[in-house]
*Asks:* 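I'd like to ask some things about the structure below.
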Protein chains: 2
Amino acid sequence: MSVQERKVRERADRERLILVTARELAEQQGWDAVTTRQLAERIEYSQPVLYSHFRGKREIIGAIALEGAAELAAAVRAAVGAAKGPRARVTALAYAYLDFAAQNPAVYDAMFQLDGGLAFAQDETPEPLKDGFAALLETLGEVAGDDVDPGLFTELFWAALHGLATLTRSGRLLPQDTERRTQLLVDRLVGRDGLGSRGPRRS
Amino acid sequence: MSVQERKVRERADRERLILVTARELAEQQGWDAVTTRQLAERIEYSQPVLYSHFRGKREIIGAIALEGAAELAAAVRAAVGAAKGPRARVTALAYAYLDFAAQNPAVYDAMFQLDGGLAFAQDETPEPLKDGFAALLETLGEVAGDDVDPGLFTELFWAALHGLATLTRSGRLLPQDTERRTQLLVDRLVGRDGLGSRGPRRS
DNA sequence: CTCGATTGTCTAGCGGTGCTAGGGTTGCTG
DNA sequence: CAGCAACCCTAGCACCGCTAGACAATCGAG
């Protein structure tokens, strides 16, 4: 039976090779350069081999998106874990998120700009995506404020980060002001005390 | 010379026809369906005619993006004009923005998701894009707060709206909570008093 | 050990894409 | 009215995602 095991292992290896190569190519030359022909040539197999691992290009993108979600969640948790106090944790989360998007633009595209054929915000949503949101919720939930739904607050904060990430990446926002914008975001959405309260009402 | 004038007019008419048709097709069936062949057939000319008006498909997308920017600016100004008080104006702006994105998804895509070959955040940026940002700045600048740069605050608010718009459209956020998210956004970024102040520091 | 069956891979090709070269026809101009 | 210039279309290029079918290598049964 060892022969079969070897074959299974080799197949798994080749599937990893496909994903690693696709990701590499996308980061180097953009997703437009990731064609099935180019990808096949790089892995030194013919095109049909790709289709014995994935239904099509969409599914390759989707697989990389899932990888990315797991990595983003890990990066966020690592950054948050090293920070003391609610406000510091949120700040660390924001920087970790934006850094990830800036450092892995192709993967971020796979997650949010391209069609990877993944389901969102429903039951069939793959685990890594749910967990990615959970990683945000862990930190952001504690600063949502008393009468605010943590999930809703997390969605809003996430949307703001996503907007900053994408607009910056596409050249609509200048990168040099990223830090000031991030500080302002945390200031406003969380508050300076880090407890999500807003001070007394004035009117 | 009247013949030449007629020709110029006809050319301009045809260019409008191309843009109207492309936009219509994109809204009806998505940008994937906007191929040069399909578009040529709809305007009842052959493909090369398209290239006598635009350098390529990118430029068509770009032209529609500029139209969209002008319309978005107008929609925002109209909504803001009908509102009394800074906070009400910001709320109206937010809804107008999100409504525009939801009602004209293909145009919004042309503006922000697709490559229209346009320049951003620099001198060569086309006027409609600058004016679109200006429309946001007019209302948002007055609630930025004393020690906050109005431009920076506008960028942040815009990014949040953009994030909400795109994540909602792609199914990552559920539409039914849009109103609550928008209220929370305005509450946090502007403050309940509508003057951009945040209450006394607590720590 | 032989021989059929199964598995794996490749070549070749389909229908589509954006874009363009070159030939005609049309209609204006002197 | 003749000649010319402007205009538009047919045909085709190189590429895309994807797949059918031929071929080779490997496996398992007799």
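Here is how names work: the chains are called A, B, and so on, in the same order as the sequence lines, proteins then strands, and each is numbered from 1. A quick note: this is a predicted structure, and the numbers were derived from the prediction, not measured.
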*Asks:* Measure the distance from CG on B:Asp115 to P on C:dG18 and round it to the nearest whole Å.
*Replies:* 14 Å

*Asks:* Are any of B:Thr36's side-chain N or O atoms less than 4.0 Å away from OP1 or OP2 of C:dG18?
*Replies:* yes

*Asks:* Do A:Asp131 and A:Arg77 come within less than 4.5 Å of each other through their side chains, counting heavy atoms only?
*Replies:* yes

*Asks:* Has the side chain of B:Arg37 got a donor or acceptor atom sitting under 3.5 Å from an opposite partner on the base of C:dG18?
*Replies:* yes

*Asks:* Could you check how far CG of B:Leu50 sits from P of C:dC19, rounded to whole Å?
*Replies:* 10 Å

*Asks:* Roughly how many Å is it from CD1 in A:Ile43 to C1' in C:dG8, rounded to a whole number?
*Replies:* 14 Å

*Asks:* Can you tell me if B:Ser52 uses its side chain to pair, donor with acceptor, with the backbone of B:Val49 under 3.5 Å?
*Replies:* yes

*Asks:* Side-chain N or O of A:Thr35 versus OP1/OP2 of D:dC16: is the shortest distance under 4.0 Å?
*Replies:* yes

*Asks:* Among residues 17-30 of chain B, which ones have heavy-atom contacts with DNA chain C below 4.0 Å?
*Replies:* none

*Asks:* For A:Asp32 and D:dG17, what is the distance between atoms CG and C1' respectively, to the nearest whole Å?
*Replies:* 14 Å

*Asks:* Using atom CH2 of A:Trp31 as one end and atom P of D:dG17 as the other, report the distance to the nearest whole Å.
*Replies:* 11 Å

*Asks:* Using only atom types and a distance under 3.5 Å, with no angle test, would you say the side chain of B:Lys57 pairs donor to acceptor with the backbone of B:Gly116?
*Replies:* no

*Asks:* Look at the side chain of A:Arg172 and the backbone N and O of A:Leu167, then say whether any donor-acceptor pair between them is shorter than 3.5 Å.
*Replies:* no

*Asks:* Tell me: CD1 of A:Ile61 to C1' of D:dC16, nearest whole Å?
*Replies:* 13 Å

*Asks:* Any side-chain heavy atom of A:Glu179 sitting closer than 4.5 Å to one from A:Tyr95?
*Replies:* yes

*Asks:* What is the distance from CG of A:Leu39 to P of D:dC16, rounded to the nearest Å?
*Replies:* 12 Å

*Asks:* What do the steps show when you test B:Tyr45 against B:His53 for ring pair (Phe, Tyr, Trp, His ring centres under 6.0 Å), and what is the final call?
*Replies:* CA-CA 12 Å; B:Tyr45 283 94; B:His53 289 271; 8.4 Å; no

*Asks:* Could I get a table of every N or O pair under 3.5 Å where one atom is in the protein and the other is in nucleotides 8-10 of chain D?
*Replies:*
from	atom 1	to	atom 2	distance (Å)
D:dC8	OP1	B:Arg14	NH1	2.8
D:dC8	OP2	B:Arg14	NH1	3.4
D:dC8	OP2	B:Arg14	NH2	3.2
D:dC9	OP2	B:Ser46	N	3.0
D:dC9	OP2	B:Ser46	OG	2.5

*Asks:* What I'd like to find out is whether the side chain of A:Trp31 reaches to under 4.5 Å of the side chain of A:Ile61, using heavy atoms alone.
*Replies:* yes

*Asks:* For nucleotides 4-6 of chain D, list the nitrogen or oxygen atoms of the protein found under 3.5 Å from its nitrogen or oxygen atoms, one pair per line.
*Replies:*
none

*Asks:* Take A:Leu173 and B:Phe120 through the test side chain to side chain contact (heavy atoms under 4.5 Å, CB included) and record every step on the way to the result.
*Replies:* CA-CA 8 Å; A:Leu173 296 178; B:Phe120 293 93; over 6 Å; no

*Asks:* Let me know the distance between CD of B:Glu41 and P of C:dG16, rounded to the nearest Å.
*Replies:* 12 Å

*Asks:* What are the two closest non-hydrogen atoms of A:Pro150 and A:Ala144, and how far apart are they?
*Replies:* CA-CB, 4.0 Å

*Asks:* Would A:His162 and A:Phe157 count as a close aromatic pair, with their ring centres under 6.0 Å?
*Replies:* no

*Asks:* Would you name the heavy atoms of B:Leu164 and B:Arg181 that are closest together and state the gap between them?
*Replies:* CD2-CD, 3.8 Å

